[in-house]
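See structure below.
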Protein chains: 2
Amino acid sequence: MTISEVSGKYGLSVDTLRYYEKAGLIPPVNRKENGIRDYTETDCGWVEFVKCMRGAGLSIEVLTQYIALYAKGNRTLQKRKNLLVAERDRLKERIEQMQQTLKRLNDKIDVYEQRIVACEKKLLKGGVQ
Amino acid sequence: MTISEVSGKYGLSVDTLRYYEKAGLIPPVNRKENGIRDYTETDCGWVEFVKCMRGAGLSIEVLTQYIALYAKGNRTLQKRKNLLVAERDRLKERIEQMQQTLKRLNDKIDVYEQRIVACEKKLLKGGVQ
DNA sequence: GTATTACTTAGAGTTGACTCCAAGTCAAGT
DNA sequence: ACTTGACTTGGAGTCAACTCTAAGTAATAC
């Protein structure tokens with residue numbers, strides 16, 4: 001799979017895909033003899049994983065660390081798990097904060113609705129006079 | 001209330017507070033004769049609101065727009081409500097995406113736990129031999 | 001009366017995460 | 001043979017959101 005196909009498949013620009021690889025967010029992508037990237041299913045899996053994690057707000061830095069540990073093999077299992085747990089906890093907290101803000105926005109919108117209705121009533125009354 | 005007190009109260013740097021005011025994220029703050037900021041309860045309320053919204057990921061730009069509409073008074077009620085609804089919807093989507101990623105992270109962590117246990121068993125067996 | 005401390009401003013610098021650009025290679029089509 | 005188009009690289013540029021700096025003022029402590 002070429003880089004532009006992968007770009008189309010996951011909705012990431014080719015620049016972003018190259019940047020992710022260069023930054024070490026995904027392991028080095030498989031190449032053809034001439035040096036052109038030829039994404040395997042595994043490569044695509046990494047792209048999808050990184051897209052998902054970035055979408056949830058995990059930083060480039062932490063994902064780079066994860067891949068670096070992954071590249072060191074089995075003896076980093078515990079470290080990788082610890083990293084994931086830390087990020088999971090942070091994500092959970094952010095979600096909870098966002099849920100509170102969502103509730104607050106909903107309440108605010110309700111208040112606006114009431115105020116708008118009240119305004120319209122006033123205008124109607126004015127119109128009748 | 002001075003800017004550094006407000007900074008302490010809400011955990012925002014004084015630079016950030018001045019930046020928010022300059023950028024129009026909060027209405028102009030009350031001043032003493034000598035030009036020094038003297039935050040009223042209302043000013044603090046705005047700071048808290050902006051902190052909350054920024055914490056949930058609403059952009060500087062959209063919050064600036066909201067304040068600009070607010071400053072124009074009652075005739076912008078509907079526009080303000082529309083803006084809030086749009087941001088609410090975006091927030092909701094982001095939360096849903098993050099919840100899916102949270103679930104995925106939890107599953108991944110479970111898999112790591114199992115692999116780590118399996119590894120330890122192997123090591124123990126090796127030790128017995 | 002001077003040193004310290006907290007404030008003021010305009011504007012420059014930093015960080016994270018891309019995004020774009022120039023210059024070059026290579027295979028395919030006419 | 002030559003153009004076209006997709007790829008390659010290193011490195012520069014951009015954007016949002018701060019964060020810092022320099023130069024200055026004004027009240028308070030010694």
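Every value quoted in this text rests on a predicted model; they were computed, and no experiment measured them. Numbers restart at 1 for each chain; the letters A, B, ... are given by sequence-line order, proteins then strands.
Nearest nucleotide to the side chain of A:S13, out of D:dC7, C:dA27, C:dT19: C:dT19. Closest to the B:S4 side chain, of the nucleotides C:dA6, C:dA27, D:dT8, is C:dA6. For B:D15, the side-chain atoms get nearest to D:dC20 when compared with the rest of C:dA17, C:dC21, D:dC20.
Looking only at atom types and distance, the side chain of B:Y66 has no donor-acceptor partner in the side chain of B:R80 under 3.5 Å away.
Look at A:R54 and you'll find a side-chain N or O under 4.0 angstrom from OP1 or OP2 of C:dC18. In terms of phosphate contacts, B:R37 brings a side-chain nitrogen or oxygen within less than 4.0 Å of OP1 or OP2 of C:dT8. For the pair B:T16 and D:dT19, the criterion of a side-chain N or O lying under 4.0 Å from OP1 or OP2 is met. A close approach under 4.0 Å does occur between a side-chain nitrogen or oxygen of B:Y20 and OP1 or OP2 of D:dC18. For B:T2, a side-chain nitrogen or oxygen approaches OP1 or OP2 of C:dC7 to under 4.0 Å.
Each of B:S59 and A:I36 was assigned the nucleotide of DNA chain D with the nearest heavy atom; the assignment lying further toward the 5' end belongs to A:I36. Judged by closest nucleotide on DNA chain C, A:G57 is the one of A:R18 and A:G57 placed further toward the 5' end.
You'll find the side chain of A:E120 reaches within 4.5 Å of the side chain of A:I116, heavy atoms only.
Atom-to-atom, CG of B:L17 to C1' of D:dA17 comes out at 14 Å; the value is rounded to the nearest Å. Atom C1' of nucleotide C:dT25 and atom NZ of A:K32 are separated by 14 Å, given to the nearest angstrom. Straight-line distance from the CE atom of A:M53 to the C1' atom of C:dG16: 19 Å, rounded to whole Å. Across the protein-nucleic acid pair, B:E5 atom CD and C:dT5 atom P stand 18 Å apart, rounded to whole Å. The distance between atom CE of B:M1 and atom P of C:dC7, rounded to the nearest whole Å, is 12 Å. A:I3 places its CD1 atom 8 Å from the P atom of D:dC7, with the value rounded to the nearest Å. One atom, CG of A:L63, and another, C1' of C:dG16, lie 13 Å apart when rounded to the nearest Å. The CD1-C1' distance, from B:I60 to D:dT19, rounds to 13 Å in whole Å.
Residue A:K22 is in base contact, counting any heavy-atom pair closer than 4.0 Å across all strands shown.
Using a cutoff of 4.0 Å between basic side-chain nitrogens and carboxylate oxygens, A:E48 and B:R104 are scored as salt-bridged.
Residues A:W46 and A:Y70 bring their aromatic ring centres within 6.0 Å.
Distance alone, capped at 3.5 Å, is enough to place a donor-acceptor pair between the A:E21 side chain and the A:V29 backbone.
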